[in-house]
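Accompanying notes for the structure given below.
Quantities reported herein were computed from a predicted structural model and do not represent experimental measurements.
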Amino acid sequence: MAVLEEKDVMKMLEETEAVLHGHFLLTSGLHSPMYVEKFNVLQHPKYTERLCQEIARRYETTMLKSGSWPGSTGGILLAHEVGKALGTRAIFTERENGKMTLRRGFQIPAGTRVLVVEDIVTTGGSVKEVMEVVKEHGGELVA
């Protein structure tokens, strides 16, 4: 897999008009002069596949192709593509009664190496919640 450089990622985001400039009030309550409308790029399967292959390339040695990839609901598509590129499972967490949890029969066997894949990170709150779920189930966080 060829290395995908930052300039290549920016080119994909710009070609698909995913990078928006203006004034944005984020879900976190923070304000930003830029917003990435991820679905503008994710609607192109080849770009999505390539971006996720790059994530997989960066972690394939660490993961040893034995892990699972939970992400919050927004990261399901990306987690799936990363899992596909690494030849492993892709699972996700969901909120239940305001708390992030595993549902749908998903399990993380103790000692499973886990890479958390998320689509957009602002404050990191959701990622921290997913990491706690992984730890509660005995998973080993890789990144």
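Residues Arg104 and Phe92 form a side-chain contact, since some pair of their non-hydrogen atoms from C-beta on lies under 4.5 Å apart. Put simply, the side chain of Tyr47 reaches to within 4.5 Å of the side chain of Glu15, judged on heavy atoms. The closest side-chain heavy-atom distance from Lys84 to Glu49 is below 4.5 Å. With contacts defined as side-chain heavy-atom distances shorter than 4.5 Å, the pair Met100/Glu94 does not qualify. Taking 4.5 Å as the limit, some side-chain heavy atom of Thr93 sits within range of a side-chain heavy atom of Leu102. Using a 4.5 Å cut-off on side-chain heavy atoms (C-beta onward), Gln53 and Glu81 make no contact. For the pair His31 and His23, the minimum side-chain heavy-atom distance is below 4.5 Å. With a 4.5 Å cut-off on side-chain heavy atoms, Glu118 and Val130 do not count as touching.
Atom CD1 of residue Ile76 and atom CD1 of residue Ile91 lie 11.0 Å apart, to the nearest 0.5 angstrom. Note: Ser32 OG to His21 NE2 = 10.0 Å, rounded to the nearest 0.5 Å. The distance from the CG atom of Leu115 to the CG atom of Leu141 is 9.0 Å, given to the nearest 0.5 Å. We find the NZ-CG distance between Lys38 and Leu77 to be 10.0 Å, quoted to the nearest 0.5 Å.
Leu51 and Tyr35 sit in two unconnected hydrophobic clusters of ILVMFWY residues. Membership requires side-chain heavy atoms under 4.5 Å apart, directly or through other members. Side-chain heavy atoms closer than 4.5 Å link hydrophobic residues (I, L, V, M, F, W, Y) into clusters, and following such links, possibly through other members, connects Leu20 to Leu26. Cluster annotation: Leu30 and Val36 are assigned to distinct hydrophobic clusters (Ile/Leu/Val/Met/Phe/Trp/Tyr, side-chain heavy-atom contacts under 4.5 Å, transitive). Hydrophobic cluster membership is shared by Phe39 and Met10, with clusters built from Ile, Leu, Val, Met, Phe, Trp and Tyr side chains linked at under 4.5 angstrom. Hydrophobic clustering, with ILVMFWY side chains joined whenever heavy atoms are under 4.5 angstrom apart, groups Leu78 together with Val19.
Remark: the backbone N or O of Ile108 is not paired with any side-chain donor or acceptor of Thr112 at under 3.5 angstrom.
Under the 4.0 Å criterion applied to side-chain N and carboxylate O atoms, Glu54 and Arg58 are assigned as salt-bridge partners. Ion pairing between Glu136 and Lys99 holds under the 4.0 Å rule for side-chain N and carboxylate O. Taking the charged nitrogens against the carboxylate oxygens, Glu140 and Lys135 have no contact shorter than 4.0 Å, which rules out a salt bridge. Taking the charged nitrogens against the carboxylate oxygens, Lys11 and Glu14 have no contact shorter than 4.0 Å, which rules out a salt bridge.
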Item checked: Check against side chain to side chain contact (heavy atoms under 4.5 Å, CB included), Met131 and Val127 -> CA-CA 6 Å; Met131 291 167 61; Val127 171; 3.8 Å; yes

Note to self: Apply side chain to side chain contact (heavy atoms under 4.5 Å, CB included) to residues His44 and Met12 and explain how you reach the verdict.
What the structure shows: CA-CA 10 Å; His44 301 279; Met12 286 182 201; over 6 Å; no

Checklist line | Verdict with supporting geometry, His137 and Gln107, side chain to side chain contact (heavy atoms under 4.5 Å, CB included) | finding: CA-CA 8 Å; His137 286 83; Gln107 296 179 13; over 6 Å; no

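Val41 approaches Thr48 most closely through the heavy-atom pair O-OG1, 3.8 Å. Nearest heavy-atom pair, Arg95 versus Gly98, reported as atom, atom and distance to 0.1 Å: NH1-O, 3.7 Å. When all heavy atoms of Ala56 and Val82 are compared, the closest pair comes out as CB-O, 4.1 Å. Closest heavy-atom contact between Ala90 and Ala79: CB-O, 3.5 Å. Nearest heavy atom pair, residue Ala2 against residue Arg57, reads O-CD, 4.4 Å.
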